[in-house]
Amino acid sequence: MDWLDALQELRTRRIPAVIVTLATVRGHAPRNGGAKMVVSPDSVFGTVGGGNLEQTAIEKARQMLSDGAAEPELLAMTLSDKAVTEYGVQCCGGEVTLMLEPIRVVPTVAVFGLGHVGLELARILARHELELHLIDSRQEMVSSERVGGAFADAVARVHITHAPVPESALSPLPAGSHVLVMTHDHVEDLAVVDMALRTPGLGSIGLIGSASKWARFRKKLVELGQTEADLERVTTPIGVPEVSGKQPAAIAVSVAARMLQLIDAQARQGG
């Protein structure tokens, strides 16, 4: 499979990878500059020349994946019989520099409730590389008249869903998705949180609201069969304490900041 096709397939399957490029070549080397391969946790596509050169690059790429690396790294190697490594000798006589570029899984965030705060939050998150799902039970909240121009210049892939039963939108979400619950109705909030806790593989679950609201929710969720360990997965209130204020835009900034922290932490764990 061509490295570019392989990379697209890995991104579709939400598998992280590293692009390895033979950036510079001095003297003789097995491949010319510009040769590429793609390394995933358990597969390799393409080649940068085989032998010690390639195996060293593969091991370095997989270490980067394990570490959740975000920035490209350079790897310089000498191909001579005096450069003995764990993977043998290549005596082509040249010197090469490889660039290893990590490609993280595009994170998914689902916002349940597109009211004042939800819409402000969606506008902020849409400026980042995400799969952004916006769900509301009210048709007027997701109408083209209201949101049609809000995401015209979005970086994220924005999916807007009218779901009369909003918790039904949880099951199609990919593993690792972050869920933010901020609907207009406490009954809906409770239903979404309860179903999120029952949906395997989700990432973080955040709930907007006060301490008294969460106290009521805890009691009801326990009655519904949730355990104390389950309830520990829910973060409420959501946001960062450094950003205060009750205006929708201020709340949205606070929540977005926390979400970006969680996304970065997830990526560093290889999620």
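Since this is a predicted model, take the numbers as computed values, not measurements. Numbering of residues begins at 1 and proceeds along the displayed sequence.
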Report summary line: To the nearest 0.5 Å, atom CD of E188 lies from atom CG of D136 at 7.0 Å
Report summary line: Separation between CD1 (I238) and OG (S204), nearest 0.5 Å, reads 9.0 Å
Query raised in the report: Do the side chains of L170 and R198 get nearer than 4.5 Å, heavy atoms only?
Result: no
Query raised in the report: Nearest heavy-atom pair of M141 and G115: which atoms, and what distance?
Result: SD-CA, 4.4 Å
Requested in this report: Sequence neighbours left out, what passes side-chain contact (heavy atoms from CB on, under 4.5 Å) with H128? Give chain and number order.
Outcome: L130, L260
Query raised in the report: Quick one: are F151 and I160 in side-chain contact, heavy atoms under 4.5 Å?
Result: yes
Report summary line: In short, V187 meets D185 closest at the heavy-atom pair N-OD1, 2.8 Å
Query raised in the report: Are L197 and V234 close enough, and set up right, to give a side chain to side chain contact (heavy atoms under 4.5 Å, CB included), and what steps lead you there?
Result: CA-CA 8 Å; L197 290 171; V234 181; 4.0 Å; yes
Report summary line: Residue pairs meeting salt bridge (charged side-chain N to carboxylate O under 4.0 Å, His left out), one or both in residues 102-118, sequence neighbours left out, come to R104-D264
Query - Student check: side-chain heavy atoms of T108 and R14 closer than 4.5 Å - result: yes
Query - Any side-chain heavy-atom pair of L98 and T21 under 4.5 Å - result: no
Requested in this report: Kindly write out the residues that satisfy side-chain contact (heavy atoms from CB on, under 4.5 Å) with T47, not counting sequence neighbours, or none if the list is empty.
Outcome: R31, E54
Query - Whether H159 and H133 hold their rings parallel, tilted or perpendicular, with breakpoints at 30° and 60° - result: parallel
Query raised in the report: Would the number of heavy atoms belonging to other residues, nucleotides or ligands and lying under 6.0 Å from CZ of R157 be above 12?
Result: no
Report task. Could you walk me through whether L180 and H178 pass the side chain to side chain contact (heavy atoms under 4.5 Å, CB included) test, one step at a time? Result -> CA-CA 7 Å; L180 294 168; H178 300 278; 5.8 Å; no
Report summary line: Grouping ILVMFWY residues whenever side-chain heavy atoms fall under 4.5 Å, the cluster of V243 otherwise contains I124, V240, V253
Query - Check: E140 and E145 side chains under 4.5 Å, non-hydrogen atoms - result: no
Report task. Can you sort out the partners of D42 under salt bridge (charged side-chain N to carboxylate O under 4.0 Å, His left out), two or more places apart, ordered by chain and number? Result -> none
For residues 205-216, which side-chain donor-acceptor pairs fall under 3.5 Å, sequence neighbours excluded?
{"unit_1": "S210", "atom_1": "OG", "unit_2": "S212", "atom_2": "OG", "d": "3.0"}
{"unit_1": "S210", "atom_1": "OG", "unit_2": "K213", "atom_2": "N", "d": "3.2"}
{"unit_1": "K213", "atom_1": "NZ", "unit_2": "D189", "atom_2": "OD2", "d": "2.6"}
{"unit_1": "K213", "atom_1": "NZ", "unit_2": "I208", "atom_2": "O", "d": "2.9"}

Query raised in the report: Would E101 and V18 count as a side chain to side chain contact (heavy atoms under 4.5 Å, CB included) if you check the C-alpha gap in whole Å, the side-chain angles of each, and the deciding distance to 0.1 Å?
Result: CA-CA 5 Å; E101 181 181 5; V18 173; 5.6 Å; no
Query raised in the report: Under 4.5 Å between any side-chain heavy atoms of N32 and L22, yes or no?
Result: no
**Report entry** Test item: S177 side-chain N/O and L173 main-chain N/O as donor-acceptor pair under 3.5 Å
**Finding:** no
Query raised in the report: Could you give the distance from CE (M195) to CG (L224), rounded to the nearest 0.5 Å?
Result: 10.0 Å
Query - Donor-acceptor contact below 3.5 Å, side chain T12 vs main chain Q8 - result: yes
Query raised in the report: Mind checking whether V105 and I15 have side chains closer than 4.5 Å, heavy atoms only?
Result: no
Query raised in the report: Do Q266 side-chain atoms and G203 backbone N/O form a donor-acceptor pair below 3.5 Å?
Result: no
Report task. Could you tell me whether the side chain of T56 and the main chain of N52 form a donor-acceptor pair under 3.5 Å? Result -> yes
Report summary line: The side-chain contact (heavy atoms from CB on, under 4.5 Å) partners of P248 (sequence neighbours excluded) come to H116, V117, E120
Requested in this report: Taking all non-hydrogen atoms of both residues into account, name the closest pair between A57 and L75 and its distance.
Outcome: CA-CD2, 4.2 Å
Query - side chain to side chain donor-acceptor pair (under 3.5 Å) evaluation trace for Q55 with E59 - result: CA-CA 6 Å; Q55 190 60 39; E59 293 302 314; 3.0 Å; yes
**Report entry** Point-to-point distance, once rounded to the nearest 0.5 Å, from CG of L114 to CZ of R138
**Finding:** 8.0 Å
Report task. Given side chain to side chain contact (heavy atoms under 4.5 Å, CB included), test L231 with V222 step by step and report yes or no. Result -> CA-CA 9 Å; L231 298 180; V222 169; 3.8 Å; yes
Report summary line: Looking only at heavy atoms, the pair that brings A126 and L132 closest together is N-CD2, 3.9 Å
Query - For K36, all residues meeting salt bridge (charged side-chain N to carboxylate O under 4.0 Å, His left out), sequence neighbours excluded - result: none
Query raised in the report: Can you name the residues that form a side-chain contact (heavy atoms from CB on, under 4.5 Å) with T227, not counting sequence neighbours?
Result: A229, D230
Query - Pairwise side-chain contact, T161 with V142, heavy-atom cut-off 4.5 Å (strictly under) - result: no
**Report entry** side-chain hydrogen bond (donor to acceptor under 3.5 Å, both in side chains): pairs with one or both residues in residues 162-172, sequence neighbours excluded
**Finding:** Q139-H162
Report summary line: Hits for salt bridge (charged side-chain N to carboxylate O under 4.0 Å, His left out) against E242, two or more places apart or cross-chain, chain-then-number order -> none
Query raised in the report: Is a side-chain donor or acceptor of R127 paired with a backbone partner of D153 at a separation under 3.5 angstrom?
Result: yes
Report summary line: For R11, the salt bridge (charged side-chain N to carboxylate O under 4.0 Å, His left out) test, sequence neighbours excluded, returns E129
